[in-house]
There are 2 protein chains.
Amino acid sequence: MQKETLCLGLLSLGPRSGYEIKQMFEGPLSDFYSLSFGTIYPTLNSLQADKYVSCKQHSQSKKPDKKVYTITKKGMELMKDNLLGDASSYIRSGNFGDQIKSEFFLLLLFSKYIPNETMNTVLNERVLYLRQKLEQFKYDGPVPGNLDAIRNEKSVSFIRGLASALIETGLNYMEKNRHLLKKKIN
Amino acid sequence: MQKETLCLGLLSLGPRSGYEIKQMFEGPLSDFYSLSFGTIYPTLNSLQADKYVSCKQHSQSKKPDKKVYTITKKGMELMKDNLLGDASSYIRSGNFGDQIKSEFFLLLLFSKYIPNETMNTVLNERVLYLRQKLEQFKYDGPVPGNLDAIRNEKSVSFIRGLASALIETGLNYMEKNRHLLKKKIN
DNA sequence: CGTATATATATCAGATTGATATATATAATC
DNA sequence: GATTATATATATCAATCTGATATATATACG
């Protein structure tokens, strides 16, 4: 999916600044996708130049102006067209996997070269992290205003349920099988 | 983890060409990490220049020479040092998540803008793909020679078991809950 | 009262990918 | 028997993206 389509999709949930879009990537989307500021800001500028979004500057006392972008009718159309195209090429491509870079799995893979004690800490920290993630995905209380819209998307309930189930499976597996990674001699 | 450490780690399983290292990334490692040719070949050249690997050219009738790289004692030491450093900074960083770019989850997220029929195909193809993956992870028969070493790593049994459990959970969840994604009206 | 973190945009060097070039063998399809 | 597609094998590079840095201020913490 192009960065343009992705930004338009997020703006379809409501007007946002570039900073707030980044917060979505660092918050609820962090486990599925991310874009850096270096991609987000230029993308918003080009979307604005082509009238796919409009922009209102909210001057804030001495902080840089907050530029709040709103998706236009033209932008909504481009987004829907692109999403249909993306779904179609996803189907045609035959490539249904995700792109993953996992430092954790690389450390596991080469664990025989890493002291037992160190690997133990790696696994402990990963377990702690996953427990936190699980709580986050199950948490149903209030969230900051700019993250509220994405939270209330119906598809997000589906995704959160899936993520919770996957993390629970992962935690159970790791607790039952981590002894398999221990080396006899260091 | 630096590309150098990763290539050395894979060469520690046995001598390989750049092409064969790429095959490892496209095969058994594809769900955890990947590097492109544009990264692998220059990395091998620089590792060779610094004597972390040695290289034997196998001239093949009219195909480009196959350059088979072997990790040196110096290379083994660098790899172990780097792995210990990587594990330590993984622990210190506090960042235990994986880097993921999932076209599938983006399509789910924006599924309300995509026709039911199209999303149905997307989900069907993803399910088919996951079933294939599951078979691959559970398959215990023979594999091509250059992928044999990684297959026989003890840590890989752990990883394959984990992957299988996760995919099974994902498949079950999707089959039970995919109706939640349907829109009433298109 | 200094330090750390949060808000907010912008830029850019450096790293990485994805595509392409080159050359041949082999398998599949028609 | 001819054509097409796929696999082997390395190399290069434009286009893209990230991660770091610059700039400026507010707020919370001890």
Side-chain angles (χ1 to χ4, degrees), chain A residues 1-7 15-27 29-30 33-49 53 55-69 89 93-95 97-101 103 143-147, chain B residues 1-7 15-27 29-30 33-49 53 55-69 89 93-95 97-101 103 143-147:
Chain A
M1 189 176 297
Q2 291 172 77
K3 51 200 190 302
E4 286 81 9
T5 314
L6 181 47
C7 287
R16 293 279 185 295
S17 67
Y19 190 80
E20 286 166 334
I21 288 176
K22 180 66 177 165
Q23 284 181 318
M24 296 170 108
F25 283 121
E26 305 227 301
L29 296 180
S30 65
Y33 218 92
S34 190
L35 292 179
S36 68
F37 282 126
T39 298
I40 293 168
Y41 286 123
T43 299
L44 290 172
N45 286 332
S46 96
L47 285 172
Q48 189 190 357
V53 301
C55 177
K56 260 190 195 164
Q57 305 234 158
H58 296 233
S59 46
Q60 310 183 107
S61 54
K62 305 275 175 69
K63 266 184 278 187
D65 284 8
K66 187 173 174 173
K67 293 168 154 186
V68 176
Y69 296 90
S89 59
S93 74
N95 179 207
D98 304 328
Q99 196 195 306
I100 301 177
K101 302 238 161 169
E103 180 83 3
V143 290
N146 52 323
L147 302 180
Chain B
M1 188 177 297
Q2 292 172 77
K3 52 198 190 305
E4 286 81 9
T5 315
L6 181 46
C7 287
R16 292 281 186 292
S17 67
Y19 190 80
E20 287 166 334
I21 288 176
K22 180 65 176 164
Q23 285 182 318
M24 295 169 109
F25 283 121
E26 305 228 298
L29 295 180
S30 65
Y33 218 92
S34 190
L35 293 178
S36 68
F37 282 127
T39 300
I40 293 168
Y41 285 123
T43 300
L44 289 172
N45 286 332
S46 96
L47 285 172
Q48 189 191 357
V53 300
C55 176
K56 261 189 197 166
Q57 306 234 157
H58 296 235
S59 47
Q60 309 183 108
S61 53
K62 304 275 177 69
K63 268 186 276 188
D65 285 8
K66 187 173 175 175
K67 293 167 152 187
V68 175
Y69 296 89
S89 58
S93 73
N95 179 207
D98 302 329
Q99 195 195 308
I100 300 178
K101 302 239 160 168
E103 180 83 2
V143 289
N146 52 321
L147 302 179

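Letters go in sequence order (proteins before strands), and every chain restarts at 1.
- A/T43 places none of its side-chain heavy atoms less than 4.5 Å from the side chain of A/L35.
- Listed nucleotides D/dT12, C/dT17, D/dT10 differ in distance to B/P42; the shortest reach to its side chain belongs to D/dT12.
- The distance from atom CG of A/N95 to atom C1' of C/dG18 is 13 Å, rounded to the nearest whole Å.
- Partners of B/E20 under the salt bridge (charged side-chain N to carboxylate O under 4.0 Å, His left out) rule, at least two apart in sequence or in another chain, are B/K66.
- Straight-line distance from the CD atom of A/Q99 to the C1' atom of C/dG18: 11 Å, rounded to whole Å.
- In this structure, A/K3 contributes its side chain and A/T39 its backbone to no donor-acceptor pair below 3.5 Å.
- At distances below 3.5 Å, at least one donor-acceptor pair connects side-chain atoms of A/R16 with backbone N or O atoms of A/N146.
- Dashed line: the shortest gap from a side-chain N or O of B/Y41 to OP1 or OP2 of D/dA11 is not under 4.0 Å.
- Distance from the side chain of A/F37 is smallest to C/dA10 among D/dT18, C/dT16, C/dA10.
- The separation between B/D65 atom CG and C/dT22 atom P is 19 Å, rounded to whole Å.
- When each of B/T39 and A/G38 is assigned the nucleotide of DNA chain D with its nearest heavy atom, B/T39 is the one assigned upstream, toward the 5' end.
- For B/Q2 and C/dG14, the CD to P distance is 16 Å, given to the nearest whole Å.
- Atoms CD (A/E4) and P (D/dA15) sit 16 Å apart, rounded to a whole Å.
- Between the NZ atom of A/K3 and the P atom of D/dT16 there is a distance of 7 Å, given to the nearest Å.
- For D/dA11, one of the phosphate oxygens OP1 or OP2 lies less than 4.0 angstrom from a side-chain nitrogen or oxygen of B/K67.
- Only B/S17, B/G18, B/Y19, B/Q23, listed by number, bring a heavy atom of residues 16-26 of chain B to less than 4.0 angstrom from any atom of DNA chain D.
- Using a distance-only test at 3.5 Å, with no hydrogens or angles considered, no donor-acceptor pair links the side chain of B/Q23 to the main chain of B/L147.
- Distances shown here put every side-chain N or O of B/K66 at or beyond 4.0 Å from the OP1 or OP2 atom of D/dT10.
- When rounded to the nearest whole Å, the span between CG of A/L35 and C1' of C/dT16 equals 16 Å.
- Across all strands, A/T43 comes closer than 4.0 Å to no nucleic acid atom at all (heavy-atom distances).
- A straight line from CG of B/L6 to P of C/dA15 spans 17 Å, rounded to a whole angstrom.
- Listed pair B/K101 / C/dT17 fails the phosphate criterion, with no side-chain N or O lying under 4.0 Å from OP1 or OP2.
- Partners of A/K67 under the salt bridge (charged side-chain N to carboxylate O under 4.0 Å, His left out) rule, at least two apart in sequence or in another chain, do not exist in this structure.
- Side chain of B/K22 to backbone of B/S17: no donor-acceptor contact under 3.5 angstrom is found.
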